[in-house]
Amino acid sequence: MSATVSLKVPAAQGQQDVTVSYARVGRGEPLVLIHGIGHHRQAWDPVVDILATERDVIAVDLPGFGASPGLPAGLAYDLPTTNAVLATLFEALELDRPHVAGNSLGGLLALELGREKHVRSVTALSPAGFWSQAERRYAFGVLIAMRGIAERLPLPLVERLSRTAAGRTALTSTIYARPARRSPEAVVAETLALAQATGFAETLRAGSAVQFTDDIPGIPVTVGWGTRDMLLVRSQGVRAKQIIPKARLVRLPGCGHCPMNDDPALVARVILDGSRRASPEAGCGVGGPRPTAHSEPGSGSR
């Protein structure tokens with residue numbers, strides 16, 4: 001079920017009205033899904049049905065992305081503001097410290113929510129914030145180029161390209177290791193989402209000084225990294241493990257930067273396993289074979 005909610009978000013000049021769009025489905029403990037920069041909540045569609053068998057899944061469009069309007073004047077597209085929006089959303093939806101999973105920017109936001117103890121478990125897939133400055137400049141350059149291409153391509157051309165595996169590869173191979181698996185409709189929708197994201201430039205600008213440097217004690221943390229991530233290289237996962245020593249670092253074989261589409265069953269299992277580490281219902285499983293995620297050497301677990 002898709003819906004919108006109006007929030008009163010604290011700001012320096014008083015409370016500001018922010019509208020957030022989200023989709024909700026499933027049953028069980030709440031699990032909030034957060035997409036990356038330039039994307040939208042539909043990035044999670046390949047895994048939502050699996051997750052919804054065990055979780056009350058809430059997929060969110062961040063302000064200025066997808067169907068969520070941009071932030072009002074006076075609110076910055078930075079980590080404190082976005083996390084304040086998400087924490088207020090949790091209150092509005094009566095989510096008592098939900099589990100949270102995020103990809104890229106969403107992974108960084110999930111970790112920040114964990115650091116602030118707003119959530120009960122964190123799964124971060126290729127999270128931002130563990131880069132060197134050279135790696136950050138490279139990633140930002142790629143993102144800016146992707147945005148420019150999405151803005152310039154006429155819709156009829158995007159639709160035509162999306163109908164072939166080669167065209168889908170040309171449009172999305174930077175973020176997917178298996179772009180041909182993405183449906184034509186999804187490729188068109190996410191290309192439009194990137195082109196029309198009103199929060200893109202300011203979010204990217206705010207991220208230029210971001211570095212995640214804090215441990216997250218007392219909360220189960222899983223960090224997953226695709227072995228074929230072309231945007232944020234997997235060595236950044238090792239840095240994440242050094243900063244959050246008790247995190248479970250998981251290798252996602254054959255997956256790219258947005259692994260949900262490349263291997264939905266594996267990614268869903270990683271998220272569910274990560275959330276079970278904080279759940280009293282540990283041991284409940286989804287029927288069918290259990291895919292294996294490979295832990296990095298020395299990754300450890302709580």
Side-chain angles (χ1 to χ4, degrees), residues 7 9-21 33-41 43 60-89 100 102-116 118 124-153 172 174-175 190-214 229-233 236 239-240 243 257-258:
L7 310 171
V9 178
Q13 61 273 62
Q15 291 187 328
Q16 295 282 323
D17 292 321
V18 176
T19 299
V20 172
S21 179
L33 304 177
I34 310 173
H35 62 77
I37 187 171
H39 229 152
H40 55 176
R41 66 175 185 257
V60 178
D61 276 328
L62 293 171
F65 299 94
S68 291
L71 291 171
L75 286 182
Y77 286 86
D78 57 13
L79 290 179
T81 299
T82 307
N83 275 294
V85 170
L86 291 168
T88 306
L89 175 68
V100 64
N103 173 227
S104 196
L105 168 64
L108 172 61
L109 292 168
L111 292 167
E112 286 283 341
L113 289 165
R115 188 175 61 82
E116 295 294 330
H118 291 306
L125 306 174
S126 294
F130 296 100
W131 41 42
S132 67
Q133 283 305 304
E135 290 165 345
R136 182 196 62 77
R137 287 193 296 270
Y138 163 77
F140 280 28
V142 171
L143 289 167
I144 291 168
M146 290 174 61
R147 160 84 160 186
I149 292 169
E151 288 179 315
R152 290 192 299 271
L153 284 177
T172 65
T174 304
I175 58 173
E190 62 194 4
T191 302
L192 290 175
L194 176 57
Q196 297 169 2
T198 58
F200 181 89
E202 290 186 54
T203 299
L204 203 66
R205 196 155 40 242
S208 61
V210 166
Q211 199 83 31
F212 195 89
T213 57
D214 294 332
D229 192 330
M230 296 175 60
L231 190 64
L232 299 180
V233 295
Q236 294 174 37
R239 293 189 200 121
I243 291 167
H257 183 64
C258 298

Check: Ser68 side chain, Ser21 main-chain N or O, donor-acceptor pair, under 3.5 Å: yes
Side-chain heavy atoms of Leu143 within contact of Ile37, under 4.5 Å: yes
side-chain contact (heavy atoms from CB on, under 4.5 Å) between Thr19 and Leu7, intermediate numbers included: CA-CA 6 Å; Thr19 299; Leu7 310 171; over 6 Å; no
Nearest atoms (heavy-atom pairs only) where Leu75 meets Pro10: CD2-O, 4.4 Å
side-chain hydrogen bond (donor to acceptor under 3.5 Å, both in side chains) involving Glu151 - partner list, sequence neighbours excluded: Arg147
By side-chain hydrogen bond (donor to acceptor under 3.5 Å, both in side chains) - contacts of Glu112 (at least two apart): Arg115
pair Arg41-Val60: side-chain heavy atoms closer than 4.5 Å: no
Evaluation steps, side chain to side chain donor-acceptor pair (under 3.5 Å), between His257 and Asp229: CA-CA 4 Å; His257 183 64; Asp229 192 330; 2.9 Å; yes
Residues forming a salt bridge (charged side-chain N to carboxylate O under 4.0 Å, His left out) with Arg136, sequence neighbours excluded: none
Heavy-atom check, side chain of Asp17 versus side chain of Pro72, under 4.5 Å: no
Side chain to side chain, Leu113 and Ile34, heavy atoms closer than 4.5 Å: yes
Euclidean distance, Gln16 CD relative to Leu71 CG, rounded to 0.5 Å: 9.5 Å
Test item: Leu86 and Leu62 side chains (from C-beta on) under 4.5 Å apart, heavy atoms: yes
For Ala145, side-chain contact (heavy atoms from CB on, under 4.5 Å) partners two or more places apart: none
Least distance between heavy atoms, Gly102 atom then Ala110 atom: N-CB, 4.2 Å
Set of residues satisfying ring pair (Phe, Tyr, Trp, His ring centres under 6.0 Å) with respect to His35, sequence neighbours excluded: Phe65
Residues which pass side-chain hydrogen bond (donor to acceptor under 3.5 Å, both in side chains) with Asp214, listed by chain and number, not counting sequence neighbours: none
Backbone N/O of His40 and side chain of Asp61: donor-acceptor pair under 3.5 Å: no
Partners meeting side-chain contact (heavy atoms from CB on, under 4.5 Å) with Ala139 (sequence neighbours left out): Leu231, Leu232
Ser132: side-chain hydrogen bond (donor to acceptor under 3.5 Å, both in side chains) partners, not counting sequence neighbours: Glu135
side-chain contact (heavy atoms from CB on, under 4.5 Å) partners of Ala240, counting only residues at least two apart: Phe130, Val223
Compile the donor-acceptor pairs under 3.5 Å between side chains in residues 202-213 and protein atoms, sequence neighbours left out, one pair per line.
{"residue": "Thr203", "atom": "OG1", "partner": "Gly199", "partner atom": "O", "Å": "2.6"}
{"residue": "Ser208", "atom": "OG", "partner": "Arg205", "partner atom": "O", "Å": "2.9"}
{"residue": "Gln211", "atom": "NE2", "partner": "Trp131", "partner atom": "O", "Å": "2.6"}

Note, Thr172 side chain near Glu190 side chain (heavy atom, < 4.5 Å): yes
Validation row: Leu194, Met146 side chains within 4.5 angstrom (heavy atoms): yes
Note, Leu109 side chain near Val100 side chain (heavy atom, < 4.5 Å): no
Any pair counted as side-chain hydrogen bond (donor to acceptor under 3.5 Å, both in side chains), so long as it reaches residues 73-87, sequence neighbours left out: Asp78-Thr81
Closest non-hydrogen atom pair between Pro127 and Gly107, with its separation: CB-C, 3.7 Å
